[in-house]
Undergrad: 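So that we are looking at the same thing, I have put the structure below in structure tokens.
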Amino acid sequence: MPDAPSAKAPFVRRALASILAVGAAVCMRSWGSNLPLALWLPTGLLAASALLLHHPRLGSQLLARAVLWSNLILGVVMTFFANSRERPIAVVLAATTGAALLLVGRAGLDDRTRGGSFVPVAFRATLLALMVMALADAQSLAFFGALQLEAWTPSPDRAALYFALAGGLLGALAGLYRLRVWGLLLGVVSWMAVAAVALAGGLQLPGGLVAAFVATSVLQMCIAAPLFVALWTGARRA
């Protein structure tokens, strides 16, 4: 018979993480009055992540963590670049999402999680990290693309660029989830495209957010490097 306190511990951690996710969603609606409709995207995703953390499917766990990671990065960047009124909100956003991630840890991401077709024989942790980061960046790009459509001077062309970059990352995510080599190749192309567009000034974002997109893109390419080495070694042996 399992120890009752230890059996309850994962549920308690998930429950606390869900409360923090809801708190982060409240932060998203606290930036000021006359908020753009696009802010409902991260707000809704944060609220949904509070529920997804309790769903045993691997896809739900990946989405919940990607939402938390995306908003953690946003909160950290805004902490340094926001004005004095917005900075406390950014600090709370970063604190709630960061604490939620620490609470859930790797729970729900182990081999026993029901993951459909995702059953890698190796590099499971590497693939999970790539999928979470790709999904987080895709969410952020989609959010900023939606903001472009609501600006005082709407920019459909730039919004389309954001959505195209987000689409590339989502396509790579789908390929990685199905353990396809083309998913990894599309991921590299997408990460390079995001970094190149950001460095060229095509995103038209504050410097901190540009640096964040470049850093996460480079980091994902570094994380994917062992996969390419393994594929190349396996191809040579074959």
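Sequential numbering from 1 along the given sequence is applied to the chain's residues. All heavy atoms count here, side chains included; hydrogens, waters and symmetry mates do not. Bear in mind that the values here come from a model prediction, so they are computed numbers and not experimental data.
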Undergrad: Are any side-chain N or O atoms of Arg87 and backbone N or O atoms of Thr79, one a donor and one an acceptor, separated by less than 3.5 Å?
TA: yes
Undergrad: Do the side chains of Thr97 and Leu20 get nearer than 4.5 Å, heavy atoms only?
TA: no
Undergrad: Report yes if some heavy atom in the side chain of Arg65 is under 4.5 Å from a heavy atom in the side chain of Leu128; otherwise report no.
TA: no
Undergrad: About how many Å separate CG of Leu127 and CG of Leu227, when rounded to the nearest 0.5 Å?
TA: 5.5 Å
Undergrad: Would you please test Leu93 and Trp31 for side chain to side chain contact (heavy atoms under 4.5 Å, CB included) and show each step?
TA: CA-CA 11 Å; Leu93 178 63; Trp31 296 107; 4.1 Å; yes
Undergrad: For the atom pair OG (Ser18) and CG (Leu53), what is the distance rounded to the nearest 0.5 Å?
TA: 5.0 Å
Undergrad: Find out whether the Lys NZ or Arg CZ of Arg29 is both under 6.0 angstrom from the six-membered ring centre of Trp40 and within 45° of the ring's axis.
TA: yes
Undergrad: Apply side chain to side chain contact (heavy atoms under 4.5 Å, CB included) to Leu74 and Met28, showing your working.
TA: CA-CA 11 Å; Leu74 177 63; Met28 274 296 172; 3.4 Å; yes
Undergrad: Find out whether Asp157 and Leu161 are in side-chain contact, i.e. whether some heavy atom of one side chain is under 4.5 Å from a heavy atom of the other.
TA: no
Undergrad: Taking the side chain as every heavy atom from C-beta outward, state whether Leu46 and Val26 have any atom pair closer than 4.5 Å.
TA: no
Undergrad: In Å and rounded to the nearest 0.5 Å, what is the CG to CG distance from Leu45 to Asn71?
TA: 8.0 Å
Undergrad: Taking atom CG of Leu184 and atom CZ of Phe228, what is their separation to the nearest 0.5 Å?
TA: 3.5 Å
Undergrad: Below 4.5 Å, heavy atoms only, C-beta onward: do Val12 and Leu103 meet side chain to side chain?
TA: no
Undergrad: Has the side chain of Glu150 got a donor or acceptor atom that lies under 3.5 Å from a matching backbone atom of Ala38?
TA: yes
Undergrad: Can you sort out the partners of Val77 under side-chain contact (heavy atoms from CB on, under 4.5 Å), two or more places apart, ordered by chain and number?
TA: Ile73, Phe81, Leu209, Ala212
Undergrad: Could you tell me how the ring of Phe144 sits relative to the ring of Tyr162: parallel (under 30°), tilted (30 to 60°) or perpendicular (over 60°)?
TA: tilted
Undergrad: Is the closest side-chain heavy-atom distance between Val194 and Leu141 below 4.5 Å?
TA: yes
Undergrad: For the atom pair CG (Leu135) and CG (Leu176), what is the distance rounded to the nearest 0.5 Å?
TA: 11.5 Å
Undergrad: Under a 4.5 Å cut-off applied to non-hydrogen side-chain atoms, are Trp191 and Leu186 in contact?
TA: no
Undergrad: Between Leu58 and Tyr177, does the side chain to side chain contact (heavy atoms under 4.5 Å, CB included) criterion hold? Intermediate values first, please.
TA: CA-CA 10 Å; Leu58 180 61; Tyr177 188 81; 4.2 Å; yes
Undergrad: Going through the distances and angles, do Trp69 and Val132 end up as a side chain to side chain contact (heavy atoms under 4.5 Å, CB included)?
TA: CA-CA 8 Å; Trp69 270 113; Val132 169; 3.6 Å; yes
Undergrad: Out of curiosity, does Ile223 fall in the hydrophobic cluster containing Val214 (side-chain heavy atoms, cut-off under 4.5 Å, transitive links)?
TA: yes
Undergrad: As an exercise, state the distance from CZ of Arg158 to CG of Leu147, rounded to the nearest 0.5 Å.
TA: 12.5 Å
Undergrad: How about Phe143 and Ser70: do any of their side-chain heavy atoms sit closer than 4.5 Å?
TA: no
